[in-house]
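Reminder, nothing fancy here: chain letters follow the sequence lines and each chain counts from 1.
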Amino acid sequence: MLNKLTAIIRKDTALRFEGRSELLFFLILPLIFTFLIGGGLPAAGGGGDNRLLVPVADEDGSPRSAALLAALADGDVVRPEAMSRAEAEALLADEDAAAALIIPAGFGAALSADGLAAGQEAAVTLLVSPTSNVAPAIEGEVNRAVSALARPLLVARNATEGVAAVRPFADETARAAFFAAALAAAEAEAAPPARVVTEVAAGGNAYDQRAQASAGQLITWVFIPLLGASGLFVYERLMGTLRRLLTTPTRKSTFLLGAIGSQYLAALAQMAILVLFGVLVMRVPWGRDPVALIVVLATFGLAGVALGTALGTFVKTEGQASNLSIMLGMAMALLGGAWWPMELFPAGLQQIVRVLPTTWAMSALTDITMRGQGVADILPEAGVLLAFAAAFFLVGLWRFRYE
Amino acid sequence: MTPPILTAKDLRKKFGDFEAVKGISFSVLRGEIFSLLGPNGAGKTTTINMLSCLLPPTSGTAEIAGHAIPGDTLAVRRAIGVVPQEIALYDSLSARQNLEFWGRLYDMRGQELTQRIDEVLDQVGLADRAKDKVKTFSGGMKRRINIAAGLLHKPQLLFMDEPTVGIDPQSRRRILDMVRELRDGGMTVLYTTHYMEEAEELSDRVGIIDQGRLIALGTQAELTRVVGEQETLRLHLAEEAGVALAGVNGTAGAPATMSADGSVALFSGLPGVLRASAVDHQIVVNVADAGAALPAVVGRANTAGLHVRSVDIEQPNLEAVFLHLTGRGLRD
């Protein structure tokens, strides 16, 4: 039996990799996509800075507006770039930026001692793109920077007004001197009243685009050819080789095991290469728990090839098999969270997509890479994947026709 | 007497309401070429499929090399080799890769397999193309590799299902020679064909099959005896026989009509004429003595207005047997 299994696996492998185009889909494109989507290339003009670009038109040009820019640049979220209002608006219109900040002339004056005393309002304008979902994050970051700038000024103003109410200043010079001293003191104490310490739960890492891309692209590029196993059965039927094969002293189960095994082994090899690429090139922490990783990849592969086997019983031609595997594979990878984090999906959809094996595989892989979980933690996902595999295999075997 | 390697008893196969094989019984003797001759759709391939355990018989049994059908599926498959009607090869693999794959499915491996592949490649005359992909081969070359794949494990009984369909005369000749060589080497061959000439040339014995029934079985001499000593006059017409007959006038005793089974009445009553049938662009007239009947037959055709382009005189053959038994030609 082993001799026959080996023969079937060798034959299927030779057939699959007969053309160079297969290497493109098996290896080259998955590596390129993983690299690009994982942030392998530096952001345009950012010199490796992946923070969100926010064009800033500083029409004020005052020390206060410069301080606001510095406060923005000090954060982890946005990367302010000074330019003219026209340039900023053009970037926004072209959807090259999610928001643009306009600091109007008079901003600094409104925040001066005189301006504050006169009750002038200091305002900035944040232009946001209607199509961007990161604009709220930028708005929050601008509010943080404005607050950081305004807080000492407000403290100094309130202090100056409080003192003047008890004992009026001798003149404006004395008032200005007090305000300056109060501002300096407030700025020195500018630390926020409560410190926010961000920690990643359960020993995991912070969200990592490289890990997301590495896992997501692995699922996408491995899942599609596994579904393509359906085409193999169609090919054998149409070529008449399946009938011939069944005139040899070979059991049907041996044929099925060999045909499925060849696809499964190829998937395991592909996954191993993508994981190695993730570890060595993308620095993705795949190796935190190798046993957990092997369990997830093995069960995911089984679910995929089982679905391919089941699909093979529904399609009539190789063209149908190819189209269906690409369409289903892409859709299931997308909805399974392989392309974007599942948290970005509407809550209802997040529940619905639990019927997909890709959802469970992606969840298990991110458990390992981002949440730092081990084999005991991913067992539920692995169990669900095995259940998917069993169900799909049952459908496939029930419907499989050798004629 | 040579013992049979295959014995089929009342084999039947139904597909829904359609009965493709209606109770076939025959034996194939060791070391002979046994042909199943019949038109397309006669049930030849279904019979082969049952005997190679691809299809379970609806009823009936068979025994091959001492192994029962149904029952000893794997043992039967070990004893037989199958050359299917379609070219069942992997186009993208080389000839050697194909043979290596099929050989392994017969539990061959290592040096034994390599050596045997060299032998069969030599046997089919494609040793110099061993490394070429099958998709670069001509139709005839593919047929030969298709045969080679069935020979690898030196089967006791080789099923060849219409192995010359759709190939050039040169390749056909090569394959027919190869079949004889296999028999001469001790292999038993069950050969199906709808080409009467192939069955005549190759077979030690012939089974004539039509509409799922085995209607005659024996050596060629035994079968032609069925139609007696009669000979055949084959009148080649300019148009399809039915159309030609519709456009001419017969006589009261011999109307220019063609019945549903192809019988032609135009030559009735002529001395020595036994029967006549329309086949494609021909009218086939069975006569006791071709030389004596020829003038009268051609005369009747001319009188009626049939445009006879040429006339062939044939000795008794399997075509005549088939015609005699069914009233139709093999290629109907």
Identify all side-chain donor-acceptor contacts of residues 326-336 of chain A below 3.5 Å with residues at least two apart in sequence or on another chain.
none

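- Residues from residues 112-129 of chain B never place a non-hydrogen atom less than 4.5 Å from a non-hydrogen atom of chain A.
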Dump the intermediate steps for side chain to side chain donor-acceptor pair (under 3.5 Å) on E236(A) and Y90(B), then the final yes or no.
-> CA-CA 9 Å; E236(A) 296 271 11; Y90(B) 298 100; 2.7 Å; yes

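- We find the NZ-CD distance between K135(B) and E18(A) to be 3.5 Å, quoted to the nearest 0.5 Å.
- Looking at T247(A) and F159(B), their side chains never come closer than 4.5 Å, going by heavy atoms from C-beta outward.
- There is no contact between D161(B) and chain A, counting heavy-atom distances below 4.5 Å.
- The CG atom of N98(B) sits 9.5 Å away from atom OG1 of T241(A), with the distance rounded to the nearest 0.5 Å.
- Y106(B) is not listed as a side-chain neighbour of T250(A), based on a closest heavy-atom distance of 4.5 Å or more.
- The two residues L245(A) and F101(B) have their closest heavy-atom pair at CD1-CZ, 3.9 Å.
- For the pair L93(B) and A14(A), the tightest heavy-atom approach, listed with the atom from each and the gap, is CD2-CB, 3.7 Å.
- Between D107(B) and K4(A) there is a side-chain heavy-atom pair separated by less than 4.5 Å.
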Check the pair E86(B), R243(A) against side chain to side chain contact (heavy atoms under 4.5 Å, CB included), reporting the backbone distance first and the verdict last.
-> CA-CA 10 Å; E86(B) 69 270 29; R243(A) 288 165 58 83; 3.6 Å; yes

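- Between E100(B) and K11(A), none of the side-chain N atoms (NZ, or NE/NH1/NH2) sits under 4.0 Å from a carboxylate O, so this pair counts as no salt bridge.
- Smallest separation of non-hydrogen atoms from A88(B) and G240(A): CB-O, 3.5 Å.
- Pairing each heavy atom of D91(B) with each of Y235(A), the nearest pair is N-OH, 4.0 Å.
- Here the straight-line distance linking atom CZ of R109(B) with atom CG of N3(A) works out to 4.0 Å at 0.5 Å rounding.
- When each of V82(B), L105(B), L89(B) is tested with R244(A) by the rule side-chain contact (heavy atoms from CB on, under 4.5 Å), just one qualifies, namely L89(B).
- Residue A149(B) touches chain A through both its backbone and its side chain, counting heavy-atom pairs closer than 4.5 Å.
- Note that the CD1 atom of I80(B) and the OG1 atom of T248(A) stand 9.5 Å from one another [nearest 0.5 Å].
- The shortest distance between side-chain heavy atoms of R104(B) and R10(A) falls below 4.5 Å.
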